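Just so it is clear, the model here is predicted, and its values are computed rather than measured.
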Amino acid sequence: MTQDEMKKAVAQAALDYVVAGSIVGVGTGSTANMFIDALASMKDDILGTVASSNVSAERLASHGIKVLNFNDVSENMVVYVDGADEFDAGKCLVKGGGGALTREKIVAAGFDKFVCIVDESKKVDVLGAFPLPIEVIPMSRNLITRAMKEMGGNPVWREGFVTDNGNDILDVHGLSITDPKALEATLNHMPGVVTNGLFAMCGADIVLMATPEGVEIL
Ligand code: 5RP
């Protein structure tokens, strides 16, 4: 089975968690794209979706799936489905490889359950092998770069990339994140940091992990 076939299988499996008559939260990335494509088969059964990025909103709309404004909805928000760059045994995640981390964290917080869809290559013992994305207000980029170096990381500006919120991304290499909740909280308190890609204080509720043998529910 190729990685793409595994992504497709896990995206399809996530449909089991979509509740008829509800609003579905939709993430960003190649696995989330496959979920969007699969969700098209249920578009008449759901009230609509909330997207975590402009690109996902466009893909949803291209399938004729209704996209709602997050500020206009407050009920029937059952499941948020999204991929991840890494996950650990505690279902803590690193996200933001696609740069949508802030809206992903916001939208995920509005739903009862976060169903994370990944293939087995995303499983790690300790988070941090994938560079940790941090969305920063542009004028704070050097300030946060210096702070991350002091913390032992090697931050790299994702030059040329601007988030949907008009901000910059720093990808921090070289971290070994043994206490993801503590690091998430520390980064959240730095002036200029909008969001960091750790989803540890509110991680996934369910991880669906595709393997060549099938989809495992964790
Ligand atoms: C985007 C994300 C994605 O969920 C993450 O990068 C995984 O993407 P993919 O499914 O393409 O591997 O956090 O900001």
**Message:** Under the criterion side-chain hydrogen bond (donor to acceptor under 3.5 Å, both in side chains), I'd like the reasoning laid out for Ser30 against Lys7: C-alpha separation, chi angles, the key distance, then a yes or no.
**Reply:** CA-CA 8 Å; Ser30 58; Lys7 286 182 182 186; 2.8 Å; yes
Please confirm whether the backbone N or O of [Y] pairs with a side-chain atom of [X], one donor and one acceptor, at under 3.5 Å?
X: Asp205; Y: Phe114; value: yes
X: Gln3; Y: Asp119; value: no
X: Glu86; Y: Ala129; value: yes
X: Lys105; Y: Asn196; value: yes
X: Ser41; Y: Ala38; value: yes
X: Thr186; Y: Ala182; value: yes
X: Ser140; Y: Leu143; value: no
X: Asp85; Y: Phe130; value: no
X: Asp82; Y: Val115; value: no
X: Asn165; Y: Asn167; value: no

Please report the interatomic distance [atom1]([X]) to [atom2]([Y]), rounded to the nearest 0.5 Å.
X: Lys122; Y: Met6; atom1: NZ; atom2: CE; value: 10.5 Å
X: Lys181; Y: Cys92; atom1: NZ; atom2: SG; value: 6.0 Å
X: Leu132; Y: Leu183; atom1: CG; atom2: CG; value: 6.5 Å

**Request:** Indicate the atoms forming the closest heavy-atom contact of Ser53 with Thr28, along with that distance.
**Result:**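 Scanning both residues completely, I find the closest heavy atoms to be OG-OG1, 2.8 Å.
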**Prompt:** Transitively linked via ILVMFWY side-chain contacts under 4.5 Å: Tyr17 with Leu15?
**Reply:**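 Same hydrophobic cluster.
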**Prompt:** Would a hydrophobic clustering, with Ile, Leu, Val, Met, Phe, Trp and Tyr connected at side-chain separations under 4.5 Å, put Phe111 with Val118?
**Reply:**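 Yes, Phe111 connects to Val118 through the hydrophobic network.
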**Asked** Is there side-chain contact between Leu93 and Leu198, with at least one heavy-atom pair below 4.5 Å?
**Response**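 In short, these two side chains do not touch, never coming nearer than 4.5 Å.
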Under 4.0 Å between a Lys/Arg side-chain N and an Asp/Glu carboxylate O for [X] and [Y]?
X: Asp168; Y: Arg158; value: no
X: Glu104; Y: Lys95; value: yes
X: Asp88; Y: Lys123; value: no

**Request:** Please lay out, stage by stage, how Thr163 and Glu135 fare under the test side-chain hydrogen bond (donor to acceptor under 3.5 Å, both in side chains).
**Result:** CA-CA 8 Å; Thr163 70; Glu135 179 165 350; 2.8 Å; yes
**Neighbour count >12 (heavy atoms, 6.0 Å) for atom CG, Asp125** =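 No - once you tally the heavy atoms of other residues, nucleotides and ligands closer than 6.0 Å, there are 12 at most.
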